[in-house]
**Q** 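One structure, pasted below without further comment.
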There are 2 protein chains.
Amino acid sequence: MSNKAKRMNYHVGNLEPQLIDQAKKMLEEVGPDKLSIRAIAEQLGVSATAVYYHFANKDELISHLAADGFMALEKVLVDSQVGVDVRHKMQVTSKAYMLFAFEHPAMYQLMFGSQLAHSEMNSKLFIARKQAYAVVEQCVAEVLGQDVQSKEVRSAALAAWSFAHGLASLRIHNVFQLPEQFSKDALIEKALLGFNQLVKVHM
Amino acid sequence: MSNKAKRMNYHVGNLEPQLIDQAKKMLEEVGPDKLSIRAIAEQLGVSATAVYYHFANKDELISHLAADGFMALEKVLVDSQVGVDVRHKMQVTSKAYMLFAFEHPAMYQLMFGSQLAHSEMNSKLFIARKQAYAVVEQCVAEVLGQDVQSKEVRSAALAAWSFAHGLASLRIHNVFQLPEQFSKDALIEKALLGFNQLVKVHM
DNA sequence: ACCTGAACACCGTTCAAGT
DNA sequence: ACCTGAACACCGTTCAAGT
């Protein structure tokens with residue numbers, strides 16, 4: 001039974017969630033750059049223009065995907081911290097962050113890439129992103145023993161985020177040539193080791 | 001005199017460098033995602049297919065741009081270090097790196113984005129990138145007082161690169177909501193302050 | 001050697017129309 | 001309310017052909 005034949009009853013009822021699911025699926029298959037509304041619709045056996053009844057445009061569809069991505073990231077970060085001593089919380093959270101990126105590279109690129117960079121910024125996405133980041137800020141606050149609102153915590157969270165995002169982004173975009181057998185965990189360990197080396201340096 | 005009329009003498013002689021120049025110009029105007037071979041050619045008053053005589057495809061043209069970008073970055077890093085005390089070299093180099101990114105956001109995205117991520121990797125680009133990174137590694141080696149080949153230096157350089165790239169990438173992609181008047185330098189200062197806060201944390 | 005034109009297979013998006 | 005078809009303005013790329 002072909003995709004086209006699957007549904008001859010003209011309209012679907014719940015096309016919107018199906019579009020999002022299919023988009024997520026294809027995202028990880030073809031990458032964020034080649035994700036196409038026409039292809040998504042075709043896979044669902046629906047006309048490309050049907051998408052425009054449910055979403056204003058591609059940006060809005062993509063924003064929904066990214067928002068879900070940030071919610072998933074938040075969950076990963078929170079889960080990584082359960083039962084972890086404060087002394088190790090920062091490291092554990094960082095690792096969880098980077099692993100998320102490595103395991104969902106296309107989604108990660110969508111969440112932090114140029115597609116959303118200058119779009120209208122759907123408030124669902126805005127909030128989801130803020131909440132994911134809040135986990136990082138909260139963690140830094142706890143570890144430094146200072147208020148989340150303090151200058152120290154805010155700047156340290158920014159630095160931690162930059163560090164983790166930087167490594168994730170560099171790896172996902174294939175910027176360094178790694179030995180074939182170099183694992184995700186090995187890279188993370190190397191970066192954390194490097195961080196502790198850098199500490200000896202005046203910045 | 002229109003672009004089309006500028007040259008009725010059929011072939012140009014030096015179209016290749018003109019294509020690269022025009023591409024660089026349009027890159028910073030329209031961004032890496034919307035850079036188009038057809039538009040570049042049209043601006044030069046030449047058919048789109050003319051590009052394919054000089055470059056195998058869009059990737060190859062883009063690789064040339066990125067290679068030039070890495071050479072420019074290398075120069076910026078090297079220049080930033082002249083006459084600077086070793087104690088401040090790391091900070092100065094980091095600042096220069098981030099400023100380069102902020103001042104050439106489209107080029108920076110091209111250099112580190114998804115367009116080149118899985119392309120054939122032109123060796124000119126490969127070398128240019130390696131040489132830019134070598135400046136960072138050299139700087140870390142000097143500051144740590146260890147061999148460039150050492151594990152410590154290599155990992156610390158990776159961490160430093162991740163940190164600087166992360167901040168640059170987050171800002172360029174508009175990931176944090178900054179107050180309107182927040183300057184490039186202020187952001188850099190904030191991140192460096194944050195780095196020094198993070199140092200107090202176990203990683 | 002260097003460039004063009006027509007053609008192919010894609011895009012996102014709009015808009016009137018169908019159910 | 002929900003979806004389609006035709007159409008528009010774009011893409012990158014190939015290939016035979018022109019100068």
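Owing to the predicted nature of the structure, the values given are computational and were not obtained by experimental measurement. To find a chain, count down the sequence lines: A is the first, B the second, and so on, and within it residues start at 1.
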**Q** Just how far, in rounded Å, is P of D/dG5 from OH of A/Tyr52?
**A**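 Result: 17 Å.
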**Q** To the nearest Å, how far apart are B/Glu42 CD and D/dG12 P?
**A**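 Rounding to the nearest Å, CD of B/Glu42 and P of D/dG12 are 12 Å apart.
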**Q** Quick check: on DNA chain D, is the nucleotide nearest B/Asn57 upstream (toward 5') of the one nearest A/Ala48, or the reverse? Name the residue that is more 5'.
**A**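 It is A/Ala48, whose closest nucleotide lies nearer the 5' terminus.
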**Q** Report yes or no: does A/Ser183 contribute a side-chain atom to a donor-acceptor pair with the main-chain N or O of A/Ala186 at less than 3.5 Å?
**A**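 Yes, the answer is positive, given that a donor and an acceptor are paired below the 3.5 Å cut-off.
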**Q** So what does B/Leu61 hit on the nucleic acid, given a heavy-atom distance under 4.0 Å: a base, only sugar-phosphate, or nothing?
**A**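 Nothing: the residue B/Leu61, judged by heavy atoms under 4.0 Å, touches no strand.
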**Q** Nearest whole Å is fine: how far is C/dG12 P from A/Gln115 CD?
**A**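 In whole Å, C/dG12 P lies 12 Å from A/Gln115 CD.
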**Q** With a 4.0 Å cut-off, would you call A/Asp68 and A/Lys124 a salt bridge?
**A**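 Answer for the salt bridge query: yes.
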**Q** Over how many whole Å does the gap from B/Leu15 atom CG to D/dT19 atom P extend?
**A**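 From B/Leu15 CG to D/dT19 P: 19 Å.
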**Q** Paired with C/dT13 by Watson-Crick or G-U wobble geometry, both distances under 3.5 Å: which nucleotide is it?
**A**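 By the stated definition (distances under 3.5 Å), D/dA7 pairs with C/dT13.
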**Q** Name the pairs: protein N/O against N/O of nucleotides 7-10 of chain D, kept only if under 3.5 Å.
**A**
none

**Q** Say whether B/Gln197 and A/Ser155, considering side chains only, have a donor N or O and an acceptor N or O under 3.5 Å apart.
**A**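 The criterion, which ignores hydrogens and geometry beyond distance, is not satisfied for A/Ser155 and B/Gln197.
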**Q** In this structure, is the centre-to-centre distance between the rings of A/Phe195 and B/Phe195 below 6.0 Å?
**A**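 Ring-ring flag for B/Phe195/A/Phe195: true, centres closer than 6.0 Å.
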**Q** May I have the distance from B/Glu16 (atom CD) to C/dA1 (atom P), rounded to whole angstrom?
**A**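 After rounding, the gap between these two atoms is 15 Å.
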**Q** Any idea which heavy atoms bring B/Lys58 and B/Leu35 closest together, and the distance?
**A**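 Shortest heavy-atom separation between B/Lys58 and B/Leu35 comes out as NZ-O, 2.8 Å.
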**Q** Rounded to whole Å, how long is the line connecting atom OH of B/Tyr53 with atom P of C/dG5?
**A**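 Going from OH in B/Tyr53 over to P in C/dG5 covers 18 Å.
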**Q** Just the rounded figure in Å: distance from C1' of D/dC11 to NZ of A/Lys58.
**A**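 So the two atoms are 12 Å apart, to the nearest Å.
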**Q** With distance as the sole criterion, is a donor-acceptor pair present between the side chains of B/His173 and B/Gln109 under 3.5 Å?
**A**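 The criterion, which ignores hydrogens and geometry beyond distance, is satisfied for B/Gln109 and B/His173.
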**Q** With a 4.0 Å limit, can you tell me whether A/His54 has a side-chain N or O closer than that to the phosphate oxygens OP1/OP2 of D/dA1?
**A**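 A/His54 to D/dA1 OP1/OP2: no side-chain N or O under 4.0 Å.
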**Q** Taking pairing as Watson-Crick or G-U wobble with both contacts under 3.5 Å, can you name the mate of C/dT19, or confirm there isn't one?
**A**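 Across any shown strand, C/dT19 pairs with D/dA1.
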**Q** I'd like to know if the side chain of B/His165 pairs up with that of A/Ser169 as donor and acceptor (distance under 3.5 Å, no hydrogens or angles considered).
**A**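 A pair is found: one side chain offers a donor N or O, the other an acceptor, under 3.5 Å apart.
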**Q** Name the nucleic acid region contacted by A/Ile40, choosing base, sugar-phosphate or nothing; use a 4.0 angstrom heavy-atom cut-off, strictly under.
**A**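 Counting heavy atoms under 4.0 Å across all strands, no contact is made by A/Ile40.
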**Q** Output the rounded distance in Å from CG (A/Asp33) to C1' (D/dG12).
**A**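 A/Asp33 atom CG is separated from D/dG12 atom C1' by 14 Å.
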